[in-house]
Amino acid sequence: MAEHDLHDYSRALVTDIQALADAEGGSIPNTFTQHVLEILEEAGVVTDAALAYHSSRGLEIYGYGLPEDGSSLDLYTTDFNLTPMSSKLTKAESDRLFRRLFAFVGKHAAIRPNQEDNTDVHDMCVGVERALSNVPKIRLFLLSNRVSTTSAPGPGEFAGIPVTHELWDLARLHRHETSGSIGEPIKVTFERPLPCLAAHSSEPNYSVVLAVIPGRQLAELYKEQHRTRLLELNVRSFLQTRGGVNKGIRETLLKDPSRFLAYNNGVTATASDVDFETDEHGSPVAIRSMTGLQIVNGGQTTASLHHVLTHDKRDLDGVHVQMKLTIVDPAFLSEIVPRISQYSNTQNKVTLVDFSSNHEFHVAFERVSRSLWAPATDGSGQETRWFYERARGQYTDKSAEHETRAAQRKFKLITPSRQRFSKSDLATFVHSWEQLPYWVSRGAQKNFAHFMERIEKSDPVVDVQYCKRAIATAILFQAADRIARAHSAGSHKRLITTYTVARLSLAAEKRIDLDRIWNEQGTTDALEDALDELCPLIMETVISGDRHVSEWAKKPDCWDEVSRIPWTLPDALTAELTTEPFEIASPESTESDEAEAAVEDTPSEEWQALADWAREGRLLRAVDRQLADRVAQRLSQGRRVTGAQARQAMEVYEEALRHGFHPSPIGLDHETA
């Protein structure tokens with residue numbers, strides 16, 4: 001890693017955190033903690049993370065995480081320095097910070113009585129107390145923006161529960177942010193080398209081996225070490241036991257475990273490097289370790305094994321899984337892995353979630369959104385861009401392409417960091433508008449998964465309109481977020497924000513003018529006043545009683561209760577509503593198909609007649625007359641009119657009919673003659 005790259009990253013990180021803390025009115029260490037936890041949550045390293053700061057003698061904690069599957073109790077602490085390159089995080093310092101964090105585990109019961117109900121720290125104490133009764137392990141995380149001189153301490157235990165330590169320092173964060181991928185390579189070492197059979201290959205960029213891996217070993221690999229990171233390159237990533245195939249896998253594991261190898265298709269995996277044991281001829285006979293392991297097909301099998309081991313409490317003895325392992329040169333991962341997954345994926349008919357950054361939706365959204373210039377609204381005349389980060393680290397990489405300080409400043413002026421948003425951010429903004437706040441509340445991974453399921457079903461047309469309206473929901477969400485902060489929503493701010501936006505969308509029947517929000521790059525006074533009035537009502541409902549706020553917000557029942565809050569739109573906002581609701585997506589592909597068929601069913605002569613009629617009467621806009629001309633020309637040449645152009649053409653046709661256009665039946669003169 002180049003030292004100057006690390007310096008640049010360090011400066012940019014401090015600048016971004018300071019700006020974010022200033023904008024949100026939060027403390028710098030808390031803002032840094034939230035920033036890193038969002039990165040780790042997107043990566044699948046942590047889930048359901050929440051901020052909750054508490055400090056006392058010999059103790060300091062910044063937050064906690066209670067994964068929904070009960071796989072661990074996660075606790076977080078932070079070391080943030082405004083001049084991070086001036087000193088390094090020493091072993092003595094990191095050990096002290098881990099000790100102060102670990103102290104909370106033993107003292108939480110004594111801390112709880114001194115905390116008011118529904119405060120962040122009270123919820124943390126309650127959550128930790130519940131988790132300690134059955135959690136299989138505790139994970140302690142130290143997050144730092146300094147370079148550490150040491151690795152994390154070794155494992156320990158608390159009341160018989162294993163305790164592990166995770167150190168995320170500046171260097172590790174930099175590697176993660178600039179790698180362009182979600183996580184660091186997974187390395188697996190087998191205590192007993194895994195017997196394998198190598199297939200001959202003359203291809204220089206990959207080779208293939210076949211192996212049979214014990215089911216328990218595969219389940220523990222998913223459970224104990226890497227969780228969803230093991231499936232990052234999986235085109236169809238499995239999230240829960242559902243659907244006929246998954247139930248069949250579970251039933252076989254429970255009733256006929258010894259037949260699992262015969263019944264199951266196994267897994268297809270890739271690795272960037274493998275350490276083999278070889279025979280006297282140099283041929284691989286067993287696998288000692290693998291680096292960069294990914295399961296690209298067989299996510300259902302892997303997660304079902306994990307489910308049966310952890311939830312059904314079966315030991316999986318006698319269960320074996322066949323594995324086809326392809327060792328791929330890292331430079332060819334993006335080319336080879338999708339094809340492996342595509343061609344081998346015959347196990348399940350159901351279209352599941354696509355987490356790949358190369359999914360056509362994300363590629364299209366990036367391409368279209370990067371072509372947009374946001375209108376200047378500050379009087380400077382300087383238009384700006386919104387930066388969609390399709391893959392982790394793109395913004396940093398793009399900034400680094402500008403070699404001089406002046407060029408980097410110009411880049412950030414045109415593309416400010418506050419206008420950078422990721423795939424999971426997009427899912428949050430859209431789902432809030434679409435009145436799905438309970439999905440947003442379930443965390444970045446689960447919410448993004450559901451977003452992709454909906455994308456797969458609806459297949460939206462990602463055009464300029466789609467991107468502008470999606471970004472408008474981002475602006476609306478950010479406005480609601482500022483208001484939630486002003487109302488002291490604390491660590492529950494994101495939950496309150498998504499519920500506030502969803503309730504506003506419901507009350508307005510989605511008739512908030514998203515196009516106006518885009519054009520003005522902001523929200524109107526009437527809209528902000530409505531959010532300000534609504535937000536406290538949301539807080540009373542979501543943060544109420546003795547319920548655990550984070551868990552309550554994940555439930556559809558919470559949204560049902562919020563949706564019944566007696567509240568009506570203020571008159572000032574009602575006056576701004578549009579006649580028709582605003583759907584973010586352009587018409588779906590089925591509607592496009594219908595429009596294309598309708599255009600083709602109308603002869604080219606009729607389109608030309610419409611254009612001539614409009615030109616003579618001046619009853620349509622010039623752009624509409626020109627569109628009719630183009631459609632007539634394309635049809636006369638035997639060319640198709642597709643997508644958005646077909647939909648626009650049919651709108652012009654219907655508008656012409658309303659203005660008195662009467663198409664003459666084609667061939668009438670010939671028949672009269």
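Everything numeric here is computed off the predicted structure, so don't read it as measured data.
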With rounding to the nearest 0.5 angstrom, report the [atom1] to [atom2] distance, [X] to [Y].
{"X": "H7", "Y": "Y9", "atom1": "NE2", "atom2": "OH", "value": "14.5 Å"}
{"X": "L514", "Y": "I475", "atom1": "CG", "atom2": "CD1", "value": "9.5 Å"}
{"X": "L13", "Y": "Q18", "atom1": "CG", "atom2": "CD", "value": "10.0 Å"}
{"X": "S550", "Y": "L66", "atom1": "OG", "atom2": "CG", "value": "8.5 Å"}
{"X": "Q465", "Y": "F582", "atom1": "CD", "atom2": "CZ", "value": "8.0 Å"}
{"X": "R367", "Y": "E360", "atom1": "CZ", "atom2": "CD", "value": "10.0 Å"}

Taking the side chain as everything from C-beta on, heavy atoms only, tell me whether [X] gets closer than 4.5 Å to [Y].
{"X": "V464", "Y": "V368", "value": "yes"}
{"X": "E551", "Y": "K554", "value": "yes"}
{"X": "H35", "Y": "I17", "value": "yes"}
{"X": "T326", "Y": "V296", "value": "no"}
{"X": "V46", "Y": "Y76", "value": "yes"}
{"X": "I295", "Y": "T268", "value": "no"}
{"X": "V267", "Y": "L218", "value": "yes"}
{"X": "V440", "Y": "K446", "value": "no"}

* Apply side-chain contact (heavy atoms from CB on, under 4.5 Å) to the pair H492 and V542, showing each step before the final yes or no. => CA-CA 9 Å; H492 302 311; V542 177; over 6 Å; no

* With distance as the sole criterion, is a donor-acceptor pair present between the side chains of T578 and D513 under 3.5 Å? -> no

* To do: Please check if any side-chain donor atom of D425 sits under 3.5 Å from a side-chain acceptor atom of S422, or the reverse.
  => yes

* Using 4.0 Å as the upper bound for N to carboxylate O, is an ion pair formed by K510 and E580? -> no

* **SB check R11 D8 (cutoff 4.0 Å)** => yes

* Could you please spell out the steps behind the side-chain contact (heavy atoms from CB on, under 4.5 Å) verdict for L305 and I249? => CA-CA 8 Å; L305 286 163; I249 293 174; over 6 Å; no

Checking [X] side chain against [Y] main chain: does a donor-acceptor pair fall under 3.5 Å?
{"X": "N30", "Y": "G26", "answer": "no"}
{"X": "Y395", "Y": "T415", "answer": "yes"}
{"X": "T498", "Y": "R494", "answer": "no"}
{"X": "S10", "Y": "L6", "answer": "no"}
{"X": "D22", "Y": "A19", "answer": "no"}

For the student: nearest non-hydrogen atoms of [X] and [Y], plus distance:
{"X": "S369", "Y": "C467", "value": "N-SG, 4.0 Å"}
{"X": "T473", "Y": "V430", "value": "OG1-N, 4.1 Å"}
{"X": "N447", "Y": "S424", "value": "ND2-O, 4.4 Å"}
{"X": "V599", "Y": "A649", "value": "CG2-CB, 4.2 Å"}
{"X": "S144", "Y": "L173", "value": "O-CD1, 3.8 Å"}
{"X": "W386", "Y": "Q521", "value": "NE1-OE1, 2.9 Å"}

State which residues pass side-chain contact (heavy atoms from CB on, under 4.5 Å) with [X]; sequence neighbours excluded, sorted by chain then number.
{"X": "T384", "value": "A374, P416, Q419"}
{"X": "T33", "value": "L37, L51, Y62, T78, L143"}
{"X": "A50", "value": "Y64"}
{"X": "A479", "value": "R482, T523, E528, L531"}

* To do: Evaluate the side-chain contact (heavy atoms from CB on, under 4.5 Å) criterion for residues L325 and V274: first the C-alpha distance (whole Å), next the side-chain angles of each, then the deciding distance (0.1 Å), finally the verdict.
  => CA-CA 10 Å; L325 177 67; V274 176; 4.0 Å; yes

* Criterion side chain to side chain contact (heavy atoms under 4.5 Å, CB included) against I517, the qualifying member of I512, T524, I471 -> I512

* More than 12 heavy atoms of other residues, nucleotides or ligands under 6.0 Å from OH of Y206: is that the case? -> no

* Using the ring of W373 (Phe, Tyr or Trp, six-membered ring only), decide whether R385 places NZ or CZ under 6.0 Å from its centre and within 45 degrees of its axis. => yes

* Does the ring centre of W439 sit less than 6.0 Å away from the ring centre of H450? -> yes

* So which of F451, Y388, F387 actually passes ring-ring contact (aromatic ring centres under 6.0 Å, His included) with F365? -> Y388

* Derivation of the ring pair (Phe, Tyr, Trp, His ring centres under 6.0 Å) call for F448 and H362 -> CA-CA 12 Å; F448 178 71; H362 299 294; 5.6 Å; yes

In a table with atom names and distances, give each donor-acceptor pair under 3.5 Å that connects a side chain of residues 500-507 to protein atoms at least two apart or in another chain.
| residue | atom | partner | partner atom | Å |
| --- | --- | --- | --- | --- |
| T500 | OG1 | I496 | O | 2.7 |
| R503 | NE | V562 | O | 3.0 |
| R503 | NH2 | I565 | O | 2.6 |
| S505 | OG | W433 | O | 2.7 |
| S505 | OG | Q435 | NE2 | 3.1 |

* Would you please test W168 and L40 for side-chain contact (heavy atoms from CB on, under 4.5 Å) and show each step? => CA-CA 10 Å; W168 283 80; L40 298 186; 3.6 Å; yes

* Asked: For K468, what residues pass the salt bridge (charged side-chain N to carboxylate O under 4.0 Å, His left out) criterion, not counting sequence neighbours?
  -> none

